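Step one of this worksheet: look at the structure below.
Lettering of chains follows the sequences in order, A, B, ..., and the numbering in each one begins at 1. Since this is a predicted model, take the numbers as computed values, not measurements.
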Amino acid sequence: MAQKPSIPKGTRDFGPSEMVKRNYIFDTVKSVFKLYGFQPIETPAMENLSTLMGKYGEEGDKLLFKVLNSGDFLTNAPENILTEKNSTKLTHHISEKGLRYDLTVPFARFVVQHREEVQFPFKRYQIQPVWRADKPQKGRYREFYQCDVDVIGSNSLLNEVELIQIVDEIYNRLNIRVAVKINNRKILSGIAEVIGQPDKIIDITVAIDKLDKIGIEKVNLELEEKGLPRQAITQLQPILNLSGSNIEKLVQIKEVLKTSEIGLKGVSEMETVFDWLAPLQIQCPVELDLTLARGLNYYTGAIFEVKALDMQIGSITGGGRYDDLTGIFGLPGVSGVGISFGADRIYDVMDHLDLFPKNAATTTQLLFVNFGEKEQSWCLPVVSQIRAKGITTEIYPEPAKMKKQMGYANDRKIPFVAIVGEVEMNSGLITLKDMENGEQYKLSFDELIDKLSSK
RNA sequence: GUGGAUGUAGUUCAGUUGGUUAGAGCGCUGGAUUGUGGUUCCAGAGGUCGCCGGUUCGAACCCGGUCUUCCACCCCA
């Protein structure tokens, strides 16, 4: 009895029509990355758990897919932990590999491991799937592609500016209206410092990240639950209520943070970024958003998030600066900054808004109808010559009924069909049918090439 | 991980208070048309009603479990 085939929860198959559209996204993203001088790398799907664990916060560790050790993986597990049934403890004994959760941490590992070979500053792009054991929803998958660009080994804020340019360029090319939100972890640290709660930085950021979603009341409630003193919460209020232009906000926050060295550093970084950004022709709005926090806890400086303006979906691009990521792997003092484009969410947005170019569906330009062996051997060399001219051409692989072959061309949206039978072989002229308007012409080889190249 | 919804033909969906043989549109296959698709007409194939169990004389329908997809929380691309 054959079982019904299926794939794991949160994963998907992609058919030809979807792949054409997905490749359109990958191609434009990649071409912009290259335009800015980034170089490609790839890393394995699996990493050692030791390089993955502890980099994404407590939640992140839970969302890692772990791979069981090969062989009889239970033999090395201590008896007491087995009987205890403590999954967390048991994991260390039965699993030492995991599927990568993002591309940034593997990249940091790559840089440290290949430090003698890479030229700093190292600008790399990487387009590969990542896996998260999240509960799937719309726009949330367990396997999805990230398109990362990072510059590592350069502290310059020029990199932050260039990343924003890249975001702008890519979304212009894809025709998606977006807003870039930017903030700085140093400012957030400064805030925590000023209100006297430097060790509560993560709780504070996570809570205020939800400001526009749940409102100020509930944010305050959450802060209280996390053990923040009343007074600290009160001190936080003016910061949450900042308004005005980016510059105006920075002026206000500077005043609040005047006693915090790190906070002022963050403010000055943001000032520089906006300063350098000003004369550039950036199409999309770039907004300083002090409630933007981002959960990944390796960020230390600028943080970015990009939202689609015309569809309600999670962020479609995110990133930031990380000063210590390579330090964890034994190479301190190398700062990096990067962003990640979520290809699958970009696809969902473009599909929903019908932004994919129409002609993207066409792959084959010309189909030769197959009438039989004699006609086939006459056509085959002609087909090769046409392909040599760079025209995508197919010949139907068997002498099926005309109706079937025409139907194939129709379904595949092939714009031209070549018909070669007795008459054509004798005259040397090929009958070319335009599938759009049904018109037919008898053309010489050169005329046919001419006709198809002009399209 | 917590809470809530959902699942019927390839697909989108009907299916009455539990009652004989579970329907439709689109798609698919064949024919009208042995050298002409996309339009039209005719015919046909295709379903263990997500899966497992229970209640019942009888379950697509009621109950329990499980899986999928979707929504909210959490988090994120």
Is RNA chain B part of any stem, that is, at least 3 consecutive Watson-Crick or G-U pairs with both distances under 3.5 Å, and where?
B:1-5 with B:69-73, B:10-13 with B:23-26, B:28-32 with B:40-44, B:50-54 with B:62-66
Expressed as a whole number of angstroms, how long is the span from [X]:[atom1] to [N]:[atom2]?
X	N	atom1	atom2	value
A:Leu99	B:A77	CG	P	17 Å
A:Lys403	B:U40	NZ	C1'	11 Å
A:Asp411	B:G37	CG	P	13 Å
A:Lys404	B:G31	NZ	P	11 Å
A:Gln405	B:U33	CD	P	20 Å
A:Ile176	B:A77	CD1	C1'	13 Å
A:Arg140	B:C70	CZ	P	12 Å
A:Phe26	B:A77	CZ	P	16 Å

May I ask you to verify whether the side chain of A:Lys433 and the base of B:U36 hold a donor-acceptor pair under 3.5 Å?
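Side chain to base: pair found, below 3.5 Å.
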Any donor-acceptor pair under 3.5 Å between the side chain of A:Arg132 and the base of B:A77?
yes
Out of the candidates A:Arg109, A:Lys66, A:Lys97, A:Arg100, only one should pair with A:Glu47 under the salt bridge (charged side-chain N to carboxylate O under 4.0 Å, His left out) rule; please name it.
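Exactly one pass, corresponding to A:Arg109.
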Can you name the one residue among A:Asp13, A:Asp344, A:Asp27 that meets salt bridge (charged side-chain N to carboxylate O under 4.0 Å, His left out) with A:Arg22?
A:Asp344
Quantified in whole Å, what is the [atom1] atom distance between nucleotide [N] and nucleotide [M]?
N	M	atom1	answer
B:A24	B:G46	P	14 Å
B:G4	B:U8	P	22 Å
B:C73	B:A60	P	38 Å
B:U12	B:G53	P	27 Å
B:G19	B:G58	P	15 Å
B:U34	B:C26	P	25 Å
B:G38	B:C49	C1'	35 Å
B:C13	B:G50	P	15 Å

Is it true that, when you exclude A:Met46 itself, more than 12 heavy atoms of the residues, nucleotides or ligands shown sit nearer than 6.0 Å to its CE?
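Atom CE in A:Met46 is not crowded, with 12 or fewer foreign heavy atoms closer than 6.0 Å.
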Is it the case that atom CD in A:Gln237 sees more than 12 heavy atoms from other parts of the structure closer than 6.0 Å?
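Yes, enclosed.
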Is it true that [X] and [Y] have a side-chain N and a carboxylate O under 4.0 angstrom from each other?
X	Y	result
A:Glu59	A:Lys62	yes
A:Asp102	A:Arg132	no
A:Asp150	A:Arg124	yes
A:Glu143	A:Arg12	no

Which nucleotide in B:C70, B:U36, B:C76 has an atom nearest any side-chain atom of A:Lys138:
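Ranking B:C70, B:U36, B:C76 by closest atom to the A:Lys138 side chain puts B:C70 first.
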Does the side-chain ring of A:Phe144 lie flat on the base of B:A77, meaning centres under 5.5 Å and planes less than 30 degrees apart?
yes
Determine whether the aromatic ring centres of A:Tyr441 and A:Phe416 lie less than 6.0 Å apart.
no
Using heavy atoms and a sub-4.0 Å distance, could you list which residues of residues 417-431 of chain A are near RNA chain B? By number, please.
A:Ile419, A:Gly421, A:Glu422, A:Val423, A:Glu424
For A:Asn410 and A:Pro8, find the nucleotide of RNA chain B closest to each by heavy atoms; which residue's nucleotide sits nearer the 5' end?
A:Asn410
Please tell me which of A:Gly10 and A:Ile316 maps to the more 5' nucleotide of RNA chain B, matching each residue to the nucleotide holding its nearest heavy atom.
A:Gly10
Report yes if at least one side-chain N or O of A:Lys442 is closer than 4.0 Å to OP1 or OP2 of B:G35; otherwise report no.
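No, outside the criterion.
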Within the pair A:Gln137 and B:A72, is there a side-chain N or O less than 4.0 Å away from OP1 or OP2?
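Indeed, a polar side-chain atom of A:Gln137 lies that close.
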Remember a base hit wins even if backbone is also touched, and classify [X] as base, sugar-phosphate or nothing at under 4.0 Å, heavy atoms.
X	value
A:Tyr141	base
A:Gly319	nothing
A:Gly60	nothing
A:Lys135	base
A:Lys9	sugar-phosphate

Result of checking A:Val178, A:Asp351, A:Ile170, A:Ile176 against A:Ile346 for side chain to side chain contact (heavy atoms under 4.5 Å, CB included):
A:Ile176
Checking side-chain polar atoms at under 3.5 Å, does A:Asn370 have a donor or acceptor matched by the opposite partner on A:Gln376?
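Yes - a donor-acceptor pair under 3.5 Å links their side chains.
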Checking A:Glu287 against A:Lys307 for the salt bridge (Lys or Arg N to Asp or Glu O under 4.0 Å) test, could you report, in this order, the C-alpha distance in whole Å, the side-chain angles of both residues, the deciding distance, and whether it holds?
CA-CA 11 Å; A:Glu287 187 197 340; A:Lys307 289 227 157 194; over 6 Å; no
